[in-house]
Amino acid sequence: MKNILKLNEISPVADKIFTNYNYSKECENPHGIMLRSFNMHEYEMGDNLLAIARAGAGVNNIPIDKCTEKGIVVFNTPGANANAVKELVLCVMFMAARNLLPATKWVTSLKGEEGVEKLVEKGKSAFVGSELAGKKLGVVGLGAIGTMLANTAVSLGMEVVGYDPFISVDSAWKISRAVKHSEDLNALISECDFISLHIPYNADTKHMMNAERLSLMKKNAYLINCARGELVDDDALLKCLSEGHFAGYITDFPNAKVIDKEKIIAMPHIGASTGEAEDNCAFMAAKQLTDYLENGNITNSVNFPSIKLAKSGAQRLSIIHRNVQSVLSKITAIISELGINISNMSSTSKKDTAYALIDVDEPLGKDAINAISKINGVVRVRAI
């Protein structure tokens with residue numbers, strides 16, 4: 001029985017998938033790990049560890065390079081919480097457009113006053129808002145969340161412009177034809193009433209919303225960040241807001257600089273905090289993890305290529321190797337020397353890494369598997 005370590009509280013939906021595993025917070029020498037926000041950068045990863053499944057999209061809390069070197073597959077769950085985040089973005093757009101937060105705060109301040117009804121009628125003109133229909137939304141990043149947001153905004157009567165130089169074929173098929181494509185991020189920023197960020201955080205995207213870009217925004221525009229806090233330069237943001245370059249900032253990633261500031265709505269990272277999203281993420285992460293442990297199949301890995309092969313033969317070899325010349329030929333040569341037939345095989349690569357699934361008609365002995373593991377470039381061999 002394989003051990004699955006749970007490093008965070010995970011939806012009980014996963015329990016049903018791990019019925020044949022030792023799945024707990026206490027198991028030692030795990031073969032797999034399930035987590036959400038646990039920081040693994042200082043975590044000691046044992047030799048038994050084969051895979052890590054993140055019940056969510058972001059993997060900044062996992063040492064990806066180290067995992068790749070050790071042949072540990074890291075999964076995430078893109079799209080599992082997309083609807084939850086999409087709905088939160090729509091919610092805050094309505095809140096901003098209709099001045100809901102200042103309006104409700106003002107009503108609360110009337111507690112104890114006489115004639116509240118008359119005061120409300122007299123003071124409501126200070127909170128006149130606008131409608132979303134007819135406004136222009138810029139969606140930066142057209143992955144699962146961005147695509148769903150763009151399509152829903154179109155149905156609300158908004159004009160939608162999308163920017164994503166790396167849009168996937170899958171997303172392109174799903175996006176509404178009414179969504180306009182922009183090849184110029186600065187142009188999108190300068191023309192939209194709402195700008196919503198939905199891109200990953202990395203060295204290339206850090207502070208992509210800097211002073212230059214923030215100053216391009218329309219005076220009545222709002223910037224919404226439910227992606228990653230580091231995408232926005234907070235110092236430049238505060239300066240531009242104080243100078244009146246745009247109307248406000250709404251973020252799901254608060255820090256000491258942005259909380260309790262005028263024109264900023266800060267939420268406690270609740271984009272994916274719905275029961276439905278947590279269930280979806282847990283289910284997807286658990287299924288991907290068990291499929292890899294039991295069948296060697298890889299779906300939604302951030303560090304290894306995707307591969308899926310129906311099982312055939314008496315044994316399956318799962319082989320992680322460097323994407324270098326002649327590794328596969330050396331592997332198949334060892335199998336051929338034993339007179340064993342390869343019934344099915346699939347191999348693929350992703351940058352410097354490669355992965356092969358090989359089904360054989362007879363089980364290989366320990367000596368043969370050991371010989372494969374010693375081939376220069378082979379990182380990890382597993383017999384399933």
Side-chain angles (χ1 to χ4, degrees), residues 88-106 109 123-141 146 149 153 158-164 180 182-271:
L88 182 65
V89 174
L90 292 171
C91 174
V92 297
M93 282 201 295
F94 281 114
M95 287 171 59
R98 299 303 298 270
N99 296 311
L100 285 181
L101 278 185
T104 54
K105 284 182 179 179
W106 177 73
S109 73
K124 69 180 184 181
S125 60
F127 305 103
V128 173
S130 61
E131 299 178 15
L132 293 186
K135 300 298 186 297
K136 184 176 286 190
L137 168 65
V139 181
V140 182
L149 174 64
M158 299 186 78
E159 183 181 350
V160 183
V161 181
Y163 172 83
D164 191 336
K180 296 179 181 178
S182 174
E183 295 183 355
D184 187 340
L185 178 58
N186 289 348
L188 178 150
I189 291 170
S190 65
E191 67 187 30
C192 289
D193 303 296
F194 295 89
I195 299 164
S196 191
L197 306 179
H198 299 285
I199 57 175
Y201 166 65
N202 54 45
D204 294 327
T205 60
K206 180 179 181 180
H207 291 177
M208 64 168 290
M209 295 302 293
N210 52 27
E212 180 183 356
R213 285 187 170 134
L214 291 168
S215 63
L216 295 174
M217 292 179 62
K218 295 167 65 174
K219 289 188 179 298
N220 64 341
Y222 287 88
L223 174 64
I224 303 169
N225 182 8
C226 287
R228 280 292 179 269
E230 295 87 352
L231 299 175
V232 179
D233 182 337
D234 291 328
D235 293 328
L237 170 84
L238 294 173
K239 186 173 187 296
C240 286
L241 280 175
S242 68
E243 293 174 353
H245 283 289
F246 58 102
Y249 177 53
I250 304 169
T251 180
D252 202 23
F253 298 89
N255 58 50
K257 290 183 178 180
V258 302
I259 59 174
D260 197 27
K261 292 290 194 301
E262 189 178 358
K263 301 181 181 179
I264 294 178
I265 298 173
M267 303 173 292
H269 197 185
I270 56 173

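This chain uses plain numbering: 1 for the first residue, then up along the sequence.
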For the residue pair [X] and [Y], what are the closest heavy atoms and their distance?
X      : Y      : result
Met217 : Met209 : SD-CE, 4.5 Å
Glu243 : His245 : OE1-NE2, 3.0 Å
Val89  : Cys226 : CG2-SG, 4.0 Å
Val232 : Tyr249 : CG2-OH, 3.6 Å
Asn210 : Asp233 : CA-CB, 4.2 Å
Val128 : Asn99  : O-ND2, 3.1 Å

message: Would you call the rings of Phe194 and Tyr222 parallel, tilted or perpendicular, taking 30° and 60° as the class edges?
response: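 Plane angle under 30°, so parallel.
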Working for side-chain contact (heavy atoms from CB on, under 4.5 Å), residues Ile250 and Leu223: CA-CA 6 Å; Ile250 304 169; Leu223 174 64; over 6 Å; no
Distance in Å, [X] [atom1] paired with [Y] [atom2], rounded so as to fall on 0.5 Å steps:
X      : Y      : atom1 : atom2 : answer
Leu241 : Lys263 : CG    : NZ    : 6.0 Å
Ser215 : Phe246 : OG    : CZ    : 9.5 Å
Tyr163 : Ile199 : OH    : CD1   : 8.5 Å
Phe253 : Asp234 : CZ    : CG    : 12.5 Å
Leu185 : Ser190 : CG    : OG    : 9.5 Å
Ile224 : Ser196 : CD1   : OG    : 5.0 Å

Just wondering, do [Y] and [X] contact through their side chains at under 4.5 Å, heavy atoms?
X      : Y      : value
Val140 : Ile195 : yes
Lys239 : Leu214 : no
Met158 : Lys136 : no
Glu191 : Lys218 : no
Leu149 : Leu137 : yes
Ile264 : Leu238 : yes
Ile265 : Leu101 : yes

field: Asp260, CG: over 12 other non-hydrogen atoms inside 6.0 angstrom
entry: no
- prompt: When you look at CD of Glu183, are more than 12 heavy atoms from neighbouring residues, nucleotides or ligands closer to it than 6.0 Å?
  reply: no
Asn225 vs Asp252, side chain to side chain donor-acceptor pair (under 3.5 Å): CA-CA, chis, key distance, verdict: CA-CA 6 Å; Asn225 182 8; Asp252 202 23; over 6 Å; no
- prompt: Are the side chain of Thr205 and the backbone of Pro200 linked by a donor-acceptor contact shorter than 3.5 Å?
  reply: yes
- prompt: Side chain of Arg213, backbone of Ile189: donor and acceptor closer than 3.5 Å?
  reply: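 Here the side-chain-to-backbone pair does not exist.
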message: Show, in sequence, the C-alpha distance, side-chain angles and deciding distance for Leu132 and Met93, and conclude whether the side-chain contact (heavy atoms from CB on, under 4.5 Å) test is met.
response: CA-CA 8 Å; Leu132 293 186; Met93 282 201 295; 4.2 Å; yes
query: With a 4.0 Å cut-off, would you call Lys180 and Glu159 a salt bridge?
result: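 Judged by the 4.0 Å cut-off on N to carboxylate O distance, Lys180 and Glu159 do form a salt bridge.
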- prompt: Using 4.0 Å as the upper bound for N to carboxylate O, is an ion pair formed by Lys135 and Glu131?
  reply: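 Between Lys135 and Glu131 there is no salt bridge, as every charged N stays at least 4.0 Å from the carboxylate O atoms.
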